[in-house]
Amino acid sequence: MLHRKTAVPQVADTASTLNRPLVLVVEDEAALLTMLRYNLERNGFRVEEAANGEEAIARIAEERPDLVLLDWMLPVLSGIEVCRQIRRQPDTRTLPVIMLTARTEDQDAVRALNTGADDYITKPFALEALMARIRALLRRSGAMPAKGRLEYADITLDLAAHRVQRNGRAVHLGPTEYRLLEFFMQHPTRVFTREELLNAVWGPDIHVEPRTVDVHIRRLRKAINGDGEADIIRTVRAAGYALDTEPA
Ligand code: CA
């Protein structure tokens, strides 16, 4: 089995991307690895990869991830063995581990948990369930800030439940629009360029056209501005966007 190394462009992390929890995904199936990376990044995590058990041990020592998503069936060193080694090392004894397993026998689940995995999920799994388990474990370990709510003007964003309300009315947002709004609500009235928004919301490793930002801003506006409500996103000509109730 060949090692799969992804070329990560050397872009300076912004403060907000550094705050994101780092998840190490250990998976030898390239397609699944790509899918997991894509979805974890969309959900606001940073991602490192390892394609086998030995590489996983090295990555853990180098990168100090906040959580390991560990496939059971791996070449070189099995997931169970990697988990054992993680638990044996004083540095990583409490590192949260979720095992990915294709095995459905209860016996195997018990074995995964006995080896020291904090949780396990059986393939094929629902992504939302996986994300919820990752968030729950990270909150328990303290790697994810205690979630509360953000408020600005008549908008409330419930960080734990991922719910948005404006003026008491539920607002339904796609994942990108949600993260855009969350970012804006962390820095109300501040103007961000498209580049800054791309870095903060999509992450520095994702290459998308700055124009993509406009598309998502449009969707966010459409969802959040109801009939007769003021537009709370201010377009600043030649600069970018801000969450701001004051017109320019
Ligand atoms: Ca596998």
Side-chain angles (χ1 to χ4, degrees), residues 1-11 13 17-18 20-127 129-138 141 143-144 203-207:
M1 187 67 60
L2 287 172
H3 283 224
R4 193 171 154 280
K5 268 254 176 214
T6 4
V8 177
Q10 296 301 306
V11 182
D13 273 355
T17 56
L18 277 175
R20 297 172 181 211
L22 177 64
V23 176
L24 175 72
V25 183
V26 189
E27 171 61 67
D28 57 317
E29 270 171 68
L32 185 53
L33 192 58
T34 303
M35 186 277 276
L36 284 168
R37 170 187 275 278
Y38 174 77
N39 284 287
L40 283 163
E41 284 175 343
R42 274 174 64 103
N43 279 273
F45 300 102
R46 290 181 297 135
V47 177
E48 283 291 334
E49 306 176 348
N52 65 56
E54 217 169 61
E55 205 185 324
I57 297 291
R59 285 277 166 284
I60 289 166
E62 287 161 15
E63 310 286 345
R64 303 262 149 223
D66 295 301
L67 182 141
V68 181
L69 197 56
L70 181 61
D71 188 28
W72 177 305
M73 301 293 281
L74 287 172
V76 190
L77 209 59
S78 78
I80 287 282
E81 190 46 44
V82 172
C83 193
R84 267 197 203 111
Q85 292 199 20
I86 290 172
R87 289 295 171 256
R88 226 179 276 140
Q89 295 294 323
D91 293 7
T92 55
R93 192 160 284 152
T94 59
L95 175 62
V97 175
I98 298 179
M99 292 275 292
L100 285 178
T101 165
R103 301 165 177 234
T104 50
E105 293 88 354
D106 288 344
Q107 212 182 317
D108 288 325
V110 170
R111 208 176 141 211
L113 297 175
N114 278 346
T115 316
D118 298 277
D119 203 351
Y120 71 95
I121 195 157
T122 309
K123 294 180 192 173
F125 48 81
L127 269 172
L130 178 64
M131 295 302 158
R133 286 174 190 212
I134 291 174
R135 283 193 203 101
L137 263 181
L138 286 173
S141 73
M144 210 140 133
D205 301 340
I206 302 212
H207 298 288

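Note that the structure is predicted; figures quoted are calculated from it, not measured. We're numbering straight along the sequence, starting at 1. Scope of the values below: all heavy atoms of this structure, side chains included, with no hydrogens, waters or symmetry mates.
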May I ask you to test the [X]-[Y] pair for a side-chain heavy-atom distance under 4.5 Å?
{"X": "Val26", "Y": "Val82", "value": "no"}
{"X": "Leu67", "Y": "Leu137", "value": "yes"}
{"X": "Val47", "Y": "Leu22", "value": "no"}
{"X": "Met99", "Y": "Asp71", "value": "no"}
{"X": "Leu100", "Y": "Phe125", "value": "yes"}
{"X": "Arg135", "Y": "Phe45", "value": "yes"}
{"X": "Arg46", "Y": "Leu40", "value": "no"}
{"X": "Leu24", "Y": "Leu69", "value": "no"}

Handout entry: Residues Leu33, Val25; criterion side-chain contact (heavy atoms from CB on, under 4.5 Å); working and verdict
Key = CA-CA 7 Å; Leu33 192 58; Val25 183; 3.5 Å; yes
Short side-chain to backbone donor-acceptor contact, [X] and [Y], under 3.5 Å:
{"X": "Thr92", "Y": "Leu95", "answer": "no"}
{"X": "Glu63", "Y": "Pro65", "answer": "no"}
{"X": "Ser78", "Y": "Leu74", "answer": "no"}

As an exercise, state the distance from [atom1] of [X] to [atom2] of [Y], rounded to the nearest 0.5 Å.
{"X": "Arg20", "Y": "Leu138", "atom1": "CZ", "atom2": "CG", "result": "14.0 Å"}
{"X": "Met131", "Y": "Arg42", "atom1": "CE", "atom2": "CZ", "result": "9.5 Å"}
{"X": "Ile134", "Y": "Leu36", "atom1": "CD1", "atom2": "CG", "result": "8.0 Å"}
{"X": "Arg59", "Y": "Arg64", "atom1": "CZ", "atom2": "CZ", "result": "13.5 Å"}
{"X": "Gln85", "Y": "Thr115", "atom1": "CD", "atom2": "OG1", "result": "12.5 Å"}

Problem - Electrostatic pair Glu48:Arg37 at N-O distance under 4.0 angstrom - result: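 Salt bridge between Glu48 and Arg37, a charged N being under 4.0 Å from a carboxylate O: no.
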Exercise for the section: Using a strict cut-off of less than 4.0 Å between a Lys/Arg side-chain nitrogen and an Asp/Glu carboxylate oxygen, indicate whether Arg88 and Glu81 qualify as a salt bridge. Expected result: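 Salt bridge present between Arg88 and Glu81.
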Practice task
Could you tell me whether Tyr38 atom OH has more than 12 heavy atoms of other residues or ligands within 6.0 Å of it?
Solution key: no
Practice task
Check Arg93, Arg87, Arg133 against Asp118 for a salt bridge (Lys or Arg N to Asp or Glu O under 4.0 Å) and give me the one that passes.
Solution key: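 Testing each of Arg93, Arg87, Arg133 against Asp118, the sole residue satisfying salt bridge (Lys or Arg N to Asp or Glu O under 4.0 Å) is Arg87.
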Exercise for the section: Using the side-chain contact (heavy atoms from CB on, under 4.5 Å) rule, take Trp72 and Ile80 through it: C-alpha gap first, then chi angles, then the decisive distance, then the call. Expected result: CA-CA 6 Å; Trp72 177 305; Ile80 287 282; 3.9 Å; yes
Practice task
Please step through side-chain contact (heavy atoms from CB on, under 4.5 Å) for the pair Cys83 and Leu70, ending with a clear verdict.
Solution key: CA-CA 8 Å; Cys83 193; Leu70 181 61; 4.0 Å; yes
Handout entry: Pair Leu77-Glu55, side-chain contact (heavy atoms from CB on, under 4.5 Å): steps then yes or no
Key = CA-CA 9 Å; Leu77 209 59; Glu55 205 185 324; over 6 Å; no
